[in-house]
Amino acid sequence: MLNSAQLVGFVPTTDITRASAFYKDVLGLEPDGLSGHAAVFHSGSTTLRVTTVAELTPHPFTTIGWEVEDIAATTAELAAKGVEFKTFPGLGQGANGVWTTPTGEKVAWFTDPDGNLLSVMEPTGN
């Protein structure tokens, strides 16, 4: 039923101004204004609503992620904008925290200003 419907992602924030600046200026997402208590962005064909919440305890797992063509270039550009990449014990991550999965995908994790865990992933074969 929803297979052909447009997907909308949501990420919580306690400070819409701070979060909006991060998603626009650091991640480079295209803003589409405010809608109620949310800042609306576009990333590819997906809409992302950064939604204001009163309290937030970030999840310990990835909230949202992006598939990229060149993870080394993407992580270098994000690092130049002040993004710090997460490392996890036992993964054997390389430069900028990039981990290569057993099937060859490459993944790096970072957080937004609210501590939401985000990722970039380069699929196998890039």
Look at the aromatic rings of Trp66 and Phe110 and report parallel, tilted or perpendicular, splitting at 30° and 60°.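 Plane angle under 30°, so parallel.
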
Could you pull out the closest heavy-atom pair between [X] and [Y], with the gap in Å?
| X | Y | value |
| --- | --- | --- |
| Leu117 | Pro60 | CD2-O, 3.9 Å |
| Val120 | Ile71 | O-CD1, 3.5 Å |
| Lys106 | Val98 | CB-CG1, 3.8 Å |

Applying salt bridge (Lys or Arg N to Asp or Glu O under 4.0 Å), name anything that partners Asp114, two or more places apart in sequence or on another chain.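 Listed in chain order: Arg18.
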
Check: [Y] main-chain N/O paired with [X] side-chain donor or acceptor under 3.5 Å:
| X | Y | answer |
| --- | --- | --- |
| Asn96 | Ala72 | no |
| Thr52 | Ile16 | no |
| Thr124 | Thr103 | yes |

If you group Ile, Leu, Val, Met, Phe, Trp and Tyr by side-chain heavy-atom gaps below 4.5 Å, do Ile64 and Trp109 land in one group?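 No, separate clusters.
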
Report yes if the side chains of Leu56 and Pro12 come closer than 4.5 Å at any heavy-atom pair, otherwise no.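 Counting from C-beta outward, Leu56 and Pro12 do come under 4.5 Å.
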
So do the side chains of Tyr23 and Leu118 get within less than 4.5 Å of each other, counting heavy atoms only?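 When only atoms from C-beta onward are counted, Leu118 and Tyr23 do touch, with a gap below 4.5 Å.
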
Examine Trp99 together with Phe88 and report whether their ring centres are nearer than 6.0 Å. no

